[in-house]
Amino acid sequence: MSRITLSHLKKMKARHEKIAMLTGYDATFSKLLSDAGLDVILVGDTLGMTIGGHSTTVPVTLQDMIYHTQNVCRAQPKSLIIVDMPYMSYANPDIAIENAARLMQAGGELIKLEGGVWLKSTIEKLTERGIPICAHLGLTPQSIHMIGGYKVQGRETQKAKELLETALSHQASGAQMLILECVPWQLSQEITQTLDIPVIGIGAGPHCDGQVLVTYDMLGMTPGKPFTFVKNFLLEQTQGISAAVKDYIRAVKTGTFPTLEHSFS
Ligand code: KIV
């Protein structure tokens with residue numbers, strides 16, 4: 001199998017083939033996820049919580065992201081690699097260019113940024129310089145202290161309208177992909193149908209072009225009550241982690257996960 005590229009994902013959207021994405025932070029998981037046939041590995045800043053034991057993603061540094069990206073890439077996965085820019089590492093376009101370049105040099109193939117219309121010139125400038133961008137809208141965990149908790153976003157008509165407009169604006173600025181986190185399934189369906197670029201959901205219902213979960217969540221490793229949008233794929237799998245990941249990929253691709261049961265309205 002050849003390496004997955006952004007153009008593969010665009011073709012998958014055009015063919016209505018679902019895109020399966022999971023987080024990966026190290027070489028062992030990188031190889032396992034890739035060998036299982038995963039389309040995209042996200043080196044997410046959730047590593048601050050899953051690996052670092054922090055309660056939010058805010059403490060994650062650029063150096064943390066570089067280290068984990070290098071570890072993931074050393075396993076030479078066939079999956080496309082998306083890397084999160086950590087908290088405040090893209091506070092203005094100049095800082096963003098400098099830091100995104102370091103993440104690309106560490107092995108990132110798309111760079112993910114959380115935020116709304118204030119990102120317009122940053123997305124434009126990174127795109128102009130050949131750095132492909134995945135935007136992240138809805139619940140944006142780096143702003144958790146402003147949002148005031150892990151809440152569904154875009155339930156009110158005005159907020160839903162703003163989210164759709166922002167998604168269109170990010171696409172017009174050059175974003176090549178979009179992640180929608182914790183938004184009502186009806187809104188993510190509308191955004192997915194409106195945008196040309198692939199839209200990947202987490203807590204965003206069954207109608208996105210693809211799905212992402214934190215790998216530790218879908219293996220039931222995260223302590224406490226799981227979020228509504230999480231399913232433990234290891235629970236009924238006796239063949240181990242690799243088989244659970246294959247079950248996840250199969251479920252995303254056949255549309256049996258997520259269902260409305262894992263969604264918000
Ligand atoms: O950092 C991360 O893992 C993420 C996903 C939850 C989408 O942004």
Side-chain angles (χ1 to χ4, degrees), residues 9 19-26 29-30 33 38-62 64-69 71-72 79-90 100 103 106 108-116 119 133-144 147 149-153 163 167 170 175-183 188 191-192 198-205 208-219 221-222 224 226-231 245 248 252 257-258 262-264:
L9 303 188
I19 299 164
M21 185 189 307
L22 286 169
T23 60
Y25 318 115
D26 62 48
F29 263 105
S30 173
L33 297 174
L38 191 74
D39 300 310
V40 186
I41 296 176
L42 170 64
V43 187
D45 61 357
T46 43
L47 62 84
M49 299 158 91
T50 54
I51 308 264
H54 295 289
S55 57
T56 72
T57 56
V58 172
V60 176
T61 65
L62 187 71
D64 293 335
M65 296 310 299
I66 291 172
Y67 173 72
H68 286 281
T69 303
N71 292 344
V72 165
S79 325
L80 182 77
I81 305 296
I82 303 186
V83 182
D84 257 329
M85 292 201 76
Y87 184 69
M88 286 300 151
S89 66
Y90 50 104
L103 294 174
E109 295 171 309
L110 259 87
I111 297 297
K112 180 160 84 61
L113 310 173
E114 298 180 5
L119 278 176
I133 299 301
C134 174
H136 182 153
L137 286 174
L139 179 72
T140 47
Q142 290 174 16
S143 313
I144 198 66
I147 297 169
Y150 292 91
K151 301 174 190 162
V152 180
Q153 303 294 304
L163 267 176
H170 283 350
Q176 307 274 356
M177 263 178 101
L178 177 70
I179 289 193
L180 279 180
E181 179 163 356
C182 286
V183 299
S188 58
I191 294 176
T192 304
V199 177
I200 311 296
I202 172 165
C208 296
D209 299 310
Q211 176 68 20
V212 58
L213 283 181
V214 170
T215 300
Y216 288 23
D217 289 349
M218 58 75 73
L219 295 176
M221 294 163 70
T222 308
F227 291 118
T228 304
F229 57 81
V230 170
K231 179 174 169 187
V245 170
Y248 166 80
V252 169
F257 176 80
H262 307 105
S263 313
F264 305 104

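We count ligands from 1, going down the list as the structure has it; atoms in each ligand are counted the same way. Values below: every heavy atom of this structure, side chains too, minus hydrogens, waters and symmetry copies.
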Between CD1 on residue Ile51 and NE2 on residue His68, distance to nearest 0.5 Å: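 If I round to the nearest 0.5 Å, the distance is 5.5 Å.
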Nearest-0.5 Å distance, CG of residue Leu22 to CD1 of residue Ile202: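 That separation rounds to 9.5 Å.
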Can you give me a line-by-line list of nitrogen or oxygen pairs between ligand 1 and the protein shorter than 3.5 Å?
from	atom 1	to	atom 2	distance (Å)
ligand 1	1 (O)	Asp45	N	3.1
ligand 1	1 (O)	Asp45	OD1	3.0
ligand 1	1 (O)	Thr46	N	3.2
ligand 1	1 (O)	Thr46	OG1	3.4
ligand 1	1 (O)	Asp84	OD2	2.9
ligand 1	3 (O)	Thr46	OG1	2.6
ligand 1	8 (O)	Lys112	NZ	2.8

Check: Tyr150 side chain, Ile144 main-chain N or O, donor-acceptor pair, under 3.5 Å: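 Answer holds: no.
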Partner residues of [X] under the ring pair (Phe, Tyr, Trp, His ring centres under 6.0 Å) criterion, sequence neighbours left out:
X	result
Tyr67	none
Phe29	none
Phe229	Phe227

